[in-house]
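Written out below as structure tokens is the structure these notes cover.
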There are 2 protein chains.
Amino acid sequence: MARPASIEEEELIARLSSVFRDVGYEGASLAMLSEATGLQRASLYHRFPGGKQQMATEVLTSAIEWTRINVVGPLTREGDLSKRLAEARANLREIYDSGSKSCLLNMLMAPRNLGGPFAPAIKTAFGALIDAFAHFAREAGHRDGAARKAGRRALTLIQGSLVLSRGLQDPRPFREALNALEAELFPQRGEA
Amino acid sequence: MARPASIEEEELIARLSSVFRDVGYEGASLAMLSEATGLQRASLYHRFPGGKQQMATEVLTSAIEWTRINVVGPLTREGDLSKRLAEARANLREIYDSGSKSCLLNMLMAPRNLGGPFAPAIKTAFGALIDAFAHFAREAGHRDGAARKAGRRALTLIQGSLVLSRGLQDPRPFREALNALEAELFPQRGEA
DNA sequence: TTGACATTACCGAACGACCGGTATAATTCA
DNA sequence: TGAATTATACCGGTCGTTCGGTAATGTCAA
């Protein structure tokens, strides 16, 4: 068909993702993206005719898909609750490198802060994650309202701990947040 | 002395801060900063010979000072615990506009993600906030280790809720986080 | 097999626009 | 006036983007 790509789509997206996660959308220059991927700027435009914005969009789509599979999946499928939560937690720990890497959803929020091109996707992604956590909490014995609150809290803890861990350069907040998930999602003594 | 400044230092910093909070350091152009302040670029350089970086540094310093006075202060001074916490909460709610505005410390973390020019100040600021919350938790009856953990958790909730509230365009996570502070910092039945 | 040709992947060079920053003249007030 | 402040014009550099061209691969008829 065509000359074999020197870099496959998947790896390409991964490398672009790494840049956007590190420096954000505005901070990511074509020079950086070129260097990170090994492709010249013009070559990037061959793969992504829509330019930088398309790159970020595809990276974002890929990240959301990853979340759907590796977090929402375990939280909402059938099976042992503890195992499912442990799996989601392990996946989160890996992708955030124990808290040293930031969340793409947070890094892409800045551009034109409200109404930016990524805002709808981010909103949907956050919503899906909260729903998944809430579904899990519901299944774990929480009542509806409390389950939704627990879902929001779970995601709040994760996002906040990523901010803190990066700012303090200390993995502890992220680790503590992951460990706290169990207590957050399973009703404790005295809770409904 | 000199011609009366058409805009005072305090207001100037506030307007610069607003831009950096909205679009981050890389996203803030001198054109934006000029328009937000009503000052021409050259005038900004008269006030800030160090350029954009100095503007961001002074904005950051000002924000940290604000935090020291309006959050750390109430949390660590003497007096009724509930009143002090309520005051800190009210100040937080106001500066974050009920969750619709983002945290400067988070927005200035991106530039050269690790080892950036703002990283040390951010680290110190986060540390001071955690210490203040921990001090409060300790005073509220928590034991040392638990108090420090509660301090980290309090800041984690605030930062995470800001991320969520902005991403979801929904003030609820931030409001819930503020409301949760009491339960986080005061030992609950069953806790040490 | 071979040659013609379309398709694809990639790159070098250049574009206009805007970046952060500066020099200098005009303006404004004590 | 003289000092402080602003306004204007400009600088080199980098931004995101585009274009023309080259090399590699695939198709297919001869």
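For clarity, every value in this text was computed on a predicted model and none was experimentally measured. Numbered from 1 within each chain, the chains take letters A, B, ... in sequence-line order.
Sequence neighbours left out, the pairs with a member in residues 115-140 of chain B that pass ring pair (Phe, Tyr, Trp, His ring centres under 6.0 Å) are B:Tyr25-B:Phe118, B:Phe136-B:Phe186. For the side chain to side chain donor-acceptor pair (under 3.5 Å) condition, the pairs that include at least one residue of residues 69-81 of chain A, sequence neighbours left out, are A:Trp66-A:Asn70, A:Arg77-A:Glu87.
Taking atom CG of residue B:Leu39 and atom C1' of nucleotide C:dG21, one finds them 16 Å apart after rounding to whole Å. Spacing between atom CD of B:Gln40 and atom C1' of C:dG21 amounts to 15 Å, rounded to whole angstrom units. If you measure from atom NE2 of A:His46 to atom C1' of C:dT8, you get 6 Å, rounded to the nearest angstrom. Atom CE of B:Met32 and atom P of C:dC18 are 12 Å apart (whole Å). Protein atom CD of A:Glu35 is 15 Å distant from nucleotide atom P of D:dT14, rounded to whole Å. As rounded to whole Å, 14 Å separates atom C1' of D:dT14 from atom CG of A:Leu33.
Proximity of A:Tyr96 to A:Arg21: side-chain heavy atoms (C-beta onward) are separated by under 4.5 Å at one or more points.
Partners of B:Arg41 under the side chain to side chain donor-acceptor pair (under 3.5 Å) rule, at least two apart in sequence or in another chain, do not exist in this structure. For the salt bridge (Lys or Arg N to Asp or Glu O under 4.0 Å) test, residues two or more places apart in sequence or in another chain that qualify with A:Asp131 are A:Arg148. Residues forming a side chain to side chain donor-acceptor pair (under 3.5 Å) with B:Arg152 (at least two apart in sequence, or on another chain): A:Glu176.
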Are there any protein N/O atoms within less than 3.5 Å of an N/O atom in nucleotides 16-18 of chain D, and if so, which ones and at what distance?
unit_1, atom_1, unit_2, atom_2, d
D:dG16, OP1, A:Ala28, O, 3.0
D:dG16, OP1, A:Lys52, NZ, 2.8
D:dG16, OP2, A:Leu30, N, 2.6
D:dT17, OP2, A:Tyr45, OH, 2.1
D:dT17, OP2, A:Lys52, N, 3.0
D:dT17, O5', A:Tyr45, OH, 2.6

